[in-house]
Each structure stands twice: as C-alpha cells, then as structure tokens.
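Chain letters run A, B, ... following the sequence lines, proteins first, then strands; residues in each count from 1. Just so we're clear, the structure is a prediction, and the values are computed from it rather than from any experiment.
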There are 2 protein chains.
Amino acid sequence: MFIYICTEMRMRDEKKEERVRQKALELIVKEGFDGFSMNKLAKAAGVSPGTLYIYYKDKEDLILCLGQEIGKKMTEATFKGFDKEMDLETGLWIQWKNRAEFYLNQPLEMEFYDQLKVSPFKDKMDNSVTIKFSEEMGGFIRNAINKGEALSLTPVVFWSVAFAPLYNLIRFHLDGKSMGGRPYTFSEEHMKDAFKAVLRALKV
Amino acid sequence: MFIYICTEMRMRDEKKEERVRQKALELIVKEGFDGFSMNKLAKAAGVSPGTLYIYYKDKEDLILCLGQEIGKKMTEATFKGFDKEMDLETGLWIQWKNRAEFYLNQPLEMEFYDQLKVSPFKDKMDNSVTIKFSEEMGGFIRNAINKGEALSLTPVVFWSVAFAPLYNLIRFHLDGKSMGGRPYTFSEEHMKDAFKAVLRALKV
DNA sequence: AATAAATGAATGAATGTTCATTTATATTTG
DNA sequence: CAAATATAAATGAACATTCATTCATTTATT
C-alpha cells in the first residue's frame, strides 16, 4: 500500500501485513467473495478488524490491492527471460513454461485472480501493468509475422490460439477435473503435446 | 425445481418464478455473489422474501439450481445438429457456431456460469448432464483420430486446443476488452480465422 | 371448503466500518 | 545513558445496517 519513512513513529508490522494478505487469499479462494468478510479475515489473521482499515481503505480496496499485486507478479513471472525479438517457437515456449510454472506453484494466486477477473470487481481494476506487457507481446507477434514465421493473424486471435489452450489445461488441473467431471492431473507431456499443436496452428 | 400435480390447490405463478430467475441472474452478474442477497432479489423481482423459500430451499439452492439449468441449456445448445460421426471439420465448426451463438445471445447466462465455475459453488454442482455430452464429445474425438483425420491427442489436450481459443475470444468480447485492456468486439471473421488455425493444429 | 401459494413483518446473526483508547517504538531531552 | 515525549500502529467494543431465514396470516384457485 504505502511506504512510510520512519521518523518518530512506530513501525508497521510487516509480518502482520503479510499474514493479512495470505489469509485473505486463502479465505476468498475457499469461501468465495460471498463468504468472505472483514471480521472473518481479522480473526483468521490474528488481527483486529480496525487494523485492516489502517492497511486498506475498505473491503473493496483490499480486494483490488490484492488483485493488482498478483497481476503484477503474474506478468513479471510470465516475461522472465522473454524477449520480443526471439523466434516464434522459443519465445512462445518460454512464455508457456513461465505461465505454467507460476500457475502451478501459486495456485491460490491463480484461483483468486480467476475469481476476480469474472467478478464485477474486474471493471474497477487498474491494468496499467498489463498494458506494458501486452505491448511487448504485440511486438513479439508482429515480429514473428514480419519474419514470416507466423501466419498473419490479429493479435487477439493470435493470443487466443497461442495461450488459451494452456490456460485451459491448468484450469482443469486446478479443478482436479476436466470435461464431464473426469479426474485430471496436469503433466509436462500434455503441455508439450498441446504446445506442438498450437505451434502448428500459428506457424506459416 | 418441482412438478406439481394440480388438484385442489392454487397454481404456482410461473411468471413470478421466471421473474425471480431472470432478476437473480441480472443481480448476480451486476453485483457478484458478494453483492447479491435474497432481500434484494425479492425486491427486484417484486416478490416477498418468503416466496423465494417456497421456490428454493435456501440461497445456495437457488444459485445451484440456476447453475444447473443454465448448464443444461448450454450443453443442449452446444450439441444441436451435432453428430459424433461427423468429420472433424464439420463437427468442430458446428460446435463453434453453436457455442458462439449461445454465448453471444445469452451473455447473462455466460457471465453467471463463468462466475459460478470459478467460485467455491463449483464443487457442489451436479454435472450429470455434462457427463453424457462429454462422452459424445469423446466419441467424436476418438472417431476423428481413428479415421486418420486428427492427430492422436488425449481428449483433454484435444478439447483444450479445440475450444479454449473460441471461449477466450468470447470472454474478451463480453468484457469489451482484450489484452492490455484494449477495446474488443467479436466478429465472424475473427472466429473463422481462429477456427482455421485450430483446425491446422488438430488435423493430421 | 380445502389447499397450497404468497405475503411481509420479525428474528437473531453477521456485516462493514468507526473511534476512543492503548501499545510500541523512534527520537529528543535531561 | 535513561527518562520523557511524540507519533503512528494496533486494538476491540460498539454502531447501524443488512443478511438469510421463519412463520403466522392472508390470498387465490380448484
């Protein structure tokens, strides 16, 4: 939220702040925005309700701050080691690996973000972080097309074909089940198979 | 919910029941599960709170019933005119058209279902309807592979590559924006481009 | 007359938020 | 160095409001 310069004041307990964030995530993922409340959160985090209003303006602010933080972490993780000048296959694979790693290792963040994205909160979210990233991605796509590596597709279509399948596999995995409620566990092999298919779709 | 045989009893007002369903959808989509309440719904639907408890056991039952109903409508719409013996391109295209038509014409249902699917309610949903259809889909995929039309892919991977891109385009459309918050409107052309790409991914 | 539908006021529990108070700590003062 | 001071952190009881749900009563239909 804020950075305080410490002169003549009691320091904010960062452990406590972090515990609030963590418990908020856990509660929301387990109980949904519906079953989530400030008093429950305070109790779960071992903190007074009033403390939450020192950290955040109100409940909505808390949720949106959490969302923005996670969004930032996600996009940064996604672009680790990525360069828009890379060739199609290399760049795409790095993004797949990055995304899969993040989602699988941070399931709470993923679940929370998914809930947020389809909830009415989505309209109130600040997506200034994602703008920069989407420009980088746009550049990558344009490059691949100009170099004659990829078919000439609108960025939106390209993006949907390139990443939605991976995202969908991970959704299945986190739900623990796929179509028709059948049990499902993600695997590197499935990811590679899907990636090969997607590459065929995009390559010229 | 229930079917009543009418002998010596007052008929349930189906207009009222339908109004409740419609307003529930609207409220949940606009305000989320969070901002949704039984009293608000009663007021919005012009009905007494008590009446809701004649129609539904409780709030959760109401939400789950709505979800089940919509899930059924969705799967039925999806498989209209579809036959698992169809060839890959024809069968897949029919499903794309069916899905797109339903989602675009029933945005409330789509938004509601999306919220439900990522919420903790999802674990309490009865998906017996979707099972039958996912078997039909499994048969279609198996056929396509056996006939040598499609690559040999696990159903989960096949499904993800085949439909997630379309679903993603429609999500962008309903949000009104795509990556980086850029405005987006779905078009038949985008759908066709994406479909062609997906076909290339799956065709042998 | 019989029966279920529908009502709506009422319930206690839980909600988000506030605020007067207390606690802890960094600085200043003696 | 120790005590006093200043300041923000943190508390938690209390608030009005809203919540899901109930039930005695009324309404409409067969």
Which pairs, protein N/O on one side and nucleotides 13-15 of chain C N/O on the other, fall under 3.5 Å?
none

If you restrict it to nitrogen or oxygen atoms, what contacts under 3.5 Å exist between nucleotides 20-22 of chain C and the protein, and what is each distance?
none

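Judged by distance alone, the side chain of Asn127(A) and the main-chain N or O of Gly180(B) form no donor-acceptor pair under 3.5 Å. Within the 3.5 Å criterion, the main-chain N or O of Val47(A) finds no donor-acceptor partner in the side chain of Thr51(A). In this structure a side-chain-to-backbone donor-acceptor pair under 3.5 Å is present from Thr78(B) to Met74(B).
Straight-line distance from the CG atom of Leu41(B) to the P atom of dT7(C): 12 Å, rounded to whole Å. Tyr56(A) has its OH atom 15 Å from the C1' atom of dA9(D), to the nearest Å. Note: CG (Asp13(A)) to P (dA8(D)) measures 18 Å, nearest angstrom. Look at CD on Glu14(B): it is 15 Å from C1' on dT29(D), rounded to the nearest Å. For Glu17(B) and dA4(C), the CD to P distance is 17 Å, given to the nearest whole Å. Per the geometry, NZ belonging to Lys43(B) stands 10 Å off P belonging to dC19(D), to the nearest Å. Here the P atom of nucleotide dA6(C) and the CZ atom of Arg19(B) are 10 Å apart, to the nearest Å. Protein atom CE of Met11(B) is 14 Å distant from nucleotide atom C1' of dT3(C), rounded to whole Å.
Distances shown here put every side-chain N or O of Tyr55(B) at or beyond 4.0 Å from the OP1 or OP2 atom of dA5(C). Note on Lys16(A): a side-chain N or O is less than 4.0 Å away from OP1 or OP2 of dT11(D).
Side-chain rings of Phe186(A) and Phe172(A) stay apart, their centers remaining 6.0 Å or farther from each other.
Atom CD1 of Ile70(A) and atom CZ of Arg21(A) lie 10.0 Å apart (nearest 0.5 Å).
Each of dA10(D), dG12(D), dT7(C) was ranked by its minimum atom distance to the side chain of Val47(B); first place goes to dT7(C).
Across the helix from dA1(C)-dT30(D) to dG30(C)-dC1(D), the helix axis at one end is tilted relative to the axis at the other end by 0° (nearest 10 degrees, each axis from five pairs).
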Show me the donor-acceptor pairs, under 3.5 Å and distance only, between side chains in residues 31-41 of chain A and residues at least two apart or in other chains.
unit_1, atom_1, unit_2, atom_2, d
Asp34(A), OD1, Lys59(B), NZ, 3.4
Ser37(A), OG, Lys40(A), N, 3.1
Lys40(A), NZ, Gly35(A), O, 2.6

Show me, pair by pair, the donor-acceptor contacts under 3.5 angstrom made by side chains of residues 104-118 of chain A, not counting sequence neighbours?
unit_1, atom_1, unit_2, atom_2, d
Asn105(A), ND2, Glu101(A), O, 3.2
Glu109(A), OE2, Lys73(A), NZ, 3.3
Glu111(A), OE1, Arg171(A), NH2, 3.1
Asp114(A), OD1, Tyr167(A), OH, 2.7
Asp114(A), OD2, Tyr167(A), OH, 2.9
Asp114(A), OD2, Arg171(A), NH1, 2.2

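Within 6.0 Å of NZ in Lys177(B) there are more than 12 heavy atoms belonging to other residues, nucleotides or ligands. The number of heavy-atom neighbours closer than 6.0 Å to CD of Glu85(B), taken from other residues, nucleotides and ligands shown, is above 12.
In this structure, Asp87(B) has no salt bridge (charged side-chain N to carboxylate O under 4.0 Å, His left out) partners at least two apart in sequence or on a different chain.
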Would you check, one step at a time, whether the test salt bridge (charged side-chain N to carboxylate O under 4.0 Å, His left out) holds for Glu189(A) with Lys192(A)?
CA-CA 5 Å; Glu189(A) 201 193 337; Lys192(A) 279 183 183 152; over 6 Å; no

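Looking at Leu169(B) and Tyr184(B), their side chains come closer than 4.5 Å, going by heavy atoms from C-beta outward.
With the nearest nucleotide of DNA chain D identified for both Thr51(B) and Pro49(A), Pro49(A) has the one nearer the 5' end.
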